[in-house]
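Report on the following structure.
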2 protein chains.
Amino acid sequence: MEKLSERLSPEHNKTECRRSVNAVRDALYVLGGKWKLPILVVLEYGPQRFTEVQRQIEGITPKLLSKELKELEMNGFVTRRVQPTTPVLIEYELTEYATSLQGIFAALRDWGIQHQARVRSL
Amino acid sequence: MEKLSERLSPEHNKTECRRSVNAVRDALYVLGGKWKLPILVVLEYGPQRFTEVQRQIEGITPKLLSKELKELEMNGFVTRRVQPTTPVLIEYELTEYATSLQGIFAALRDWGIQHQARVRSL
DNA sequence: CAGGATCCATTATGATACTG
DNA sequence: CAGTATCATAATGGATCCTG
């Protein structure tokens with residue numbers, strides 16, 4: 001891939017660089033932290049209950065899962081739906097807006113798989 | 001895009017889900033924290049000195065920058081090069097392996113830009 | 001099941017100042 | 001310039017118990 005630094009003036013280059021950094025930082029602002037991305041990836045596989053999500057993400061405690069889910073809900077990535085059955089069934093699901101994150105999920109997943117292979121080979 | 005949950009059995013689905021979560025988690029393990037990705041994005045624009053990097057990432061302190069750079073170096077993403085000029089010139093640059101992260105950078109940057117536009121429109 | 005409350009330990013991050 | 005040292009706070013984690 002062509003390096004940006006080879007085709008742009010130094011000044012333009014820095015401006016571009018900051019723009020990128022700010023975009024990435026804004027993305028990380030809402031997706032940052034240890035658990036948000038893993039939680040979203042789990043929910044990508046369909047609506048799931050609290051305990052289901054907890055089981056898929058080994059290591060997370062209910063306290064943290066609860067907190068992260070609330071933040072994701074506030075940021076419009078997740079919906080908490082209560083099914084009025086008996087007993088009540090509570091499911092978390094991705095919002096329409098969250099589907100815009102698929103590119104990020106895919107990139108992280110693909111790289112993670114490559115990286116796992118690399119680490120094993122060392 | 002087709003939903004994974006619509007074409008796979010529930011069991012296979014869960015296995016796949018965990019695989020994805022683990023891949024993402026392993027990626028986040030080396031890229032996690034508040035500053036690693038921003039630092040790598042800056043260095044994508046060419047080798048740069050400590051202070052240069054610091055200026056591009058507003059808010060980072062030298063302590064954190066130093067710590068993060070060391071970790072990135074240990075993980076094989078960054079090289080610290082000392083030019084034997086007078087005075088000495090120290091530059092940080094991405095390694096070959098770090099270029100495998102371009103997909104992640106691009107995904108985060110693109111989404112971040114979209115997200116900025118969305119936030120502004122609210 | 002779906003969490004909330006509490007208490008404590010460990011990290012992570014931050015502000016400021018300082019050095020070779 | 002390229003960091004280090006010191007001090008402080010915030011975020012996160014772990015254990016345990018509790019409730020509608």
Side-chain angles (χ1 to χ4, degrees), chain A residues 10 14 21-22 24-40 42-43 46-75 78-94, chain B residues 10 14 21 24-43 46-75 78-94:
Chain A
K14 284 215 173 140
V21 172
N22 285 334
V24 169
R25 148 181 298 223
D26 289 349
L28 261 35
Y29 181 75
V30 286
L31 300 175
K34 200 168 175 180
W35 304 109
K36 289 204 182 65
L37 280 164
I39 291 171
L40 293 172
V42 166
L43 293 179
Q48 282 172 77
R49 315 175 65 167
F50 190 90
T51 317
E52 290 288 306
V53 178
Q54 196 183 342
R55 261 197 294 273
Q56 315 276 332
I57 305 177
E58 93 186 59
I60 196 169
T61 59
K63 183 170 87 177
L64 268 288
L65 178 55
S66 171
K67 183 189 155 230
E68 298 288 75
L69 281 171
K70 273 176 193 157
E71 291 180 26
L72 289 171
E73 209 186 335
M74 285 198 339
N75 284 309
V78 164
T79 306
R80 181 182 189 268
R81 197 158 28 131
V82 182
Q83 312 275 23
T85 54
T86 39
V88 291
L89 171 65
I90 298 171
E91 278 187 324
Y92 291 90
E93 63 181 339
L94 295 189
Chain B
K14 281 210 176 146
V21 172
V24 169
R25 153 186 293 227
D26 289 349
L28 260 34
Y29 181 74
V30 286
L31 300 175
K34 201 168 172 178
W35 304 107
K36 289 204 183 65
L37 281 163
I39 290 170
L40 293 172
V41 168
V42 167
L43 293 179
Q48 282 172 78
R49 315 176 67 167
F50 191 90
T51 317
E52 289 289 307
V53 178
Q54 195 184 341
R55 260 197 294 273
Q56 314 277 331
I57 306 176
E58 92 186 58
I60 195 169
T61 61
K63 181 171 97 176
L64 268 289
L65 178 55
S66 171
K67 181 189 156 232
E68 299 287 76
L69 281 171
K70 274 176 192 159
E71 291 181 24
L72 289 170
E73 207 185 337
M74 286 200 336
N75 284 310
V78 163
T79 305
R80 179 183 191 268
R81 196 156 31 127
V82 182
Q83 312 275 21
T85 54
T86 39
V88 291
L89 171 63
I90 298 171
E91 278 188 323
Y92 292 90
E93 62 180 340
L94 294 190

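A, B, ... follow the sequence lines: proteins, then strands. Residue 1 opens every chain.
Atom CD of E58(B) has 12 or fewer heavy atoms from other residues, nucleotides or ligands within 6.0 Å. For E73(B), the CD atom is densely surrounded, since the number of other residues' heavy atoms within 6.0 Å is greater than 12.
If you take CD of E58(B) and P of dT13(C), they are 18 Å apart, rounded to a whole angstrom. Rounding to whole angstrom units, CD of residue Q54(A) and C1' of dG13(D) are separated by 14 Å. Note: CD (Q48(B)) to C1' (dA2(D)) measures 15 Å, nearest angstrom. In this structure, L89(B) atom CG and dC1(D) atom P are separated by 11 Å, rounded to whole Å. The CD1 atom of I60(B) sits 13 Å away from the P atom of dT4(D) (whole-angstrom rounding).
Nearest to the side-chain atoms of Y92(A) among the listed nucleotides dG3(C), dG3(D), dA2(C) stands dG3(C). Relative to the side chain of R49(B), the nucleotides dC1(D), dG3(D), dA2(C) differ in distance, and dC1(D) lies closest.
Pairing each heavy atom of Q48(B) with each of V53(B), the nearest pair is CB-CG2, 4.0 Å. Between Y92(B) and L43(B) the shortest heavy-atom distance is O-CD2, 3.5 Å. The shortest heavy-atom contact between T85(A) and L89(A) is OG1-N, 3.7 Å.
Between atom CG of residue L69(B) and atom CD of residue Q54(B) there is a gap of 10.5 Å, rounded to the nearest 0.5 Å.
DNA chain D is contacted by both R80(B) and E71(A); R80(B) maps to the nucleotide lying nearer its 5′ end (nearest heavy atom per residue).
For the contact set between residues 28-40 of chain B and DNA chain D, defined by any heavy atom under 4.0 Å, there are no members. Listed in residue order, the members of residues 62-70 of chain A having a heavy atom less than 4.0 Å from DNA chain C are K63(A), S66(A), K70(A).
A 4.5 Å side-chain heavy-atom check between R25(B) and W35(A) finds at least one atom pair inside the cut-off. Side-chain contact between I39(A) and V21(B): absent, with no pair of heavy atoms (C-beta onward) separated by less than 4.5 Å. For the pair P38(B) and L28(A), the minimum side-chain heavy-atom distance is below 4.5 Å.
Here T51(B) reaches the OP1 or OP2 of dC1(D): one of its side-chain N or O atoms lies under 4.0 Å away.
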